[in-house]
Visitor: 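Encoded as structure tokens, here's the structure I'll be asking about.
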Amino acid sequence: MRLAKRLEQLPPYLFARIDAAREKAQAKGLETVSMGIGDPDRDPPLWIRELLCEEVMRSGNHRYPSYKGNPKLHDSAARYMERRFGVQGLGRQHFVTTIGSKEGLANLVTAVINPDDCILMPDPMYPVFGTMARLAGADVVTMPVHPSTKFMPDPRSEVCQDRANRARVMYVNYPHNPTGQVATREYLKSLVDFARERNIILVSDLAYSEVFYGEENRPASLLEFPGALDCTIEFHSFSKSFNMTGWRCGFAVGNPELISALHTVKSNMDSGVFNAIQLAMARALDDPRCEPFLEENRAHYLKRLDRVCGLLGDMGVKIYRPGASIFVWCDLPAGETDSFDWCGRLLDTTGLVVSPGAAYGHFGEGFFRVSLSTPDELIDKALGKLATFLKSNAASA
Ligand SMILES: *Cc1c(COP(=O)(O)O)cnc(C)c1O
């Protein structure tokens, strides 16, 4: 069969590959446990599911949604942006609803990238950024989000300099997946200043805005900084905040020209998010139960984080404690240099899935990622497998 050439540039999605390896381990009779993908194991709050039921039962909510998204969701999102980030004056022209931020981030590429355009991206990164940009023919220049840059690489620095002078677009992702690291306000402001000086389009992925550990780590929106609205589009998602990755809903907010460009691509590509979901989320954002839920959710993850960090520490694993997100970034054991190989051996011998750092980029090599979206009752078992693996390797070394 003759398929599209561009398919050769599309690797199988990381977690599809990991699923295949996991099935192989299961076929050998191993009991597998995943601390790989970031997919909240708990349900969305009952009251939001009840709002959805109400909207599903309502007549009139079942036709094609508007391509731009439901205006009621955009009005609620504008109030959220003001209440949560102090960003004032946003109107409907600043919003488009997305089928989760993965869709928006992928389709934005078509709207802003020409072949050979240079794009600055974090490395390691959420894989969708780089894959879609390369598919569009972009020249991807990565910035090391690495202990050596304190996870906040300076786009003006030498490491990023080679082709960065030609950069037209820059992706920013704080809180950062896969490392869970957060950025200081000064740093975020410096990125906005850099983009404005050079007419660079800023694409901010804020999927973890509501999953953070302690007030000092409360994530900012890039739109808080002066002039950001001139050049920024920011992707917000309900997936991780409300434990609803399966609902497929989020919104992009920012510069009206960028929003309109994304809207143009999307209107030719998809037909939006079920109105009942958009309306339920519009009501949820305005609901007095919203903030208490987000707090409870953070408290739950924080307990898990403490437990996971404690257990990893006891095994002698070096961790970079996250300020936000549902991930813990860890050094590979001393002497190990190939994260794919190490994670593969861990899965083959114990059945435990964790993510190899190199899957997220060149500067992710030497690390692995543990997800906190594993049910509490499985965490001890999962990390017990890791402890056994580390001990047996130490014994054979
Ligand atoms: C999970 C995740 C997304 C995608 O979330 P959806 O809204 O479910 O598509 C985007 N970016 C990062 C960094 C993520 O971790």
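Basis for what follows: all heavy atoms, side chains included, without hydrogens, waters or symmetry-related copies. The first residue in the sequence is number 1, and the count goes up from there. The shown structure was predicted, so the numbers you read here are calculated from the model rather than taken from an experiment. Just follow the structure's listing: the first ligand is 1, and inside any ligand the first atom is 1.
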Visitor: Flag the pair His62 / Phe274 as yes when their ring centroid distance falls below 6.0 Å, and as no otherwise.
Guide: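 Yes, they do, as the ring centres are separated by less than 6.0 Å.
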Visitor: With side-chain contact (heavy atoms from CB on, under 4.5 Å) as the criterion, how do Phe225 and Arg185 come out once you've worked through the C-alpha distance, each side chain's angles and the decisive distance to 0.1 Å?
Guide: CA-CA 9 Å; Phe225 301 99; Arg185 293 186 65 82; 3.7 Å; yes
Visitor: Among all protein heavy atoms in this structure, tell me which lies nearest to atom 8 (O) of ligand 1, with the distance rounded to 0.1 Å.
Guide: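 Nearest protein contact, heavy atoms only, for atom 8 (O) of ligand 1 is Ser239 OG, 2.6 Å.
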Visitor: Are the side chain of Glu365 and the backbone N or O of His362 linked by a donor-acceptor pair below 3.5 Å?
Guide: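 Not at all, since once roles are kept as given, no pair shorter than 3.5 Å links the two residues.
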Visitor: Note the single closest protein heavy atom to atom 12 (C) of ligand 1, along with its residue, its atom name and the distance in Å.
Guide: Asp205 OD2, 3.3 Å
Visitor: Please state which part of Ser101 comes within less than 4.0 Å of ligand 1, counting heavy atoms only: side chain, backbone, both or neither.
Guide: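 It is both parts that get close, each with some atom under 4.0 Å.
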Visitor: List every atom of ligand 1 that sits less than 4.0 Å from any heavy atom of Asn177, numbering the atoms from 1 in the order shown and giving each element.
Guide: 13 (C), 14 (C), 15 (O)
Visitor: Counting heavy atoms only, which of Tyr126, Tyr208, Phe235 is nearest atom 15 (O) of ligand 1?
Guide: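 Looking at heavy atoms only, Tyr208 sits closest to atom 15 (O) of ligand 1.
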Visitor: Without swapping roles, check the side chain of Ser267 against the backbone of Thr264 for a donor-acceptor pair under 3.5 Å.
Guide: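 Yes, Ser267 side chain to Thr264 backbone: donor-acceptor pair under 3.5 Å.
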Visitor: So, Thr245 and Asp39: side-chain donor and acceptor under 3.5 Å apart, yes or no?
Guide: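 The criterion, which ignores hydrogens and geometry beyond distance, is satisfied for Asp39 and Thr245.
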Visitor: Looking only at side chains, do Glu234 and Ser204 share a donor and an acceptor under 3.5 Å apart?
Guide: yes
Visitor: Quick one: look at Thr98 and ligand 1, take heavy-atom pairs under 4.0 Å, and tell me if it's side chain, backbone, both or neither.
Guide: neither
Visitor: Can you confirm whether the side chains of His236 and Ser101 place a donor and an acceptor under 3.5 Å from each other?
Guide: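 Checked: His236/Ser101 side chains show no N/O donor-acceptor pair below 3.5 Å.
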Visitor: Non-hydrogen atoms of Thr245 versus ligand 1: any pair closer than 4.0 Å?
Guide: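 In this structure, Thr245 fails to qualify as a contact of ligand 1 - no heavy atom is under 4.0 Å.
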Visitor: Show which atoms of ligand 1 fall inside a sub-4.0 Å distance from at least one heavy-atom site of Arg248.
Guide: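 Ligand 1 atoms under the 4.0 Å threshold to Arg248: 6 (P), 8 (O), 9 (O).
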Visitor: Answer with yes or no whether Glu103 contacts ligand 1, where contact means a heavy atom under 4.0 Å from a ligand atom.
Guide: no
Visitor: Under 4.0 Å from a heavy atom of Asn173: give me the atoms of ligand 1 that qualify, with their elements.
Guide: 13 (C)
Visitor: Side chains of Glu103 and Thr98: is there a donor and an acceptor less than 3.5 Å apart?
Guide: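 Looking only at side-chain atoms, Thr98 and Glu103 do not form any donor-acceptor pair under 3.5 Å.
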Visitor: At a non-hydrogen distance cut-off of under 4.0 Å, which region of Lys240 contacts ligand 1 (side chain, backbone, both, or neither)?
Guide: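 The answer is the side chain.
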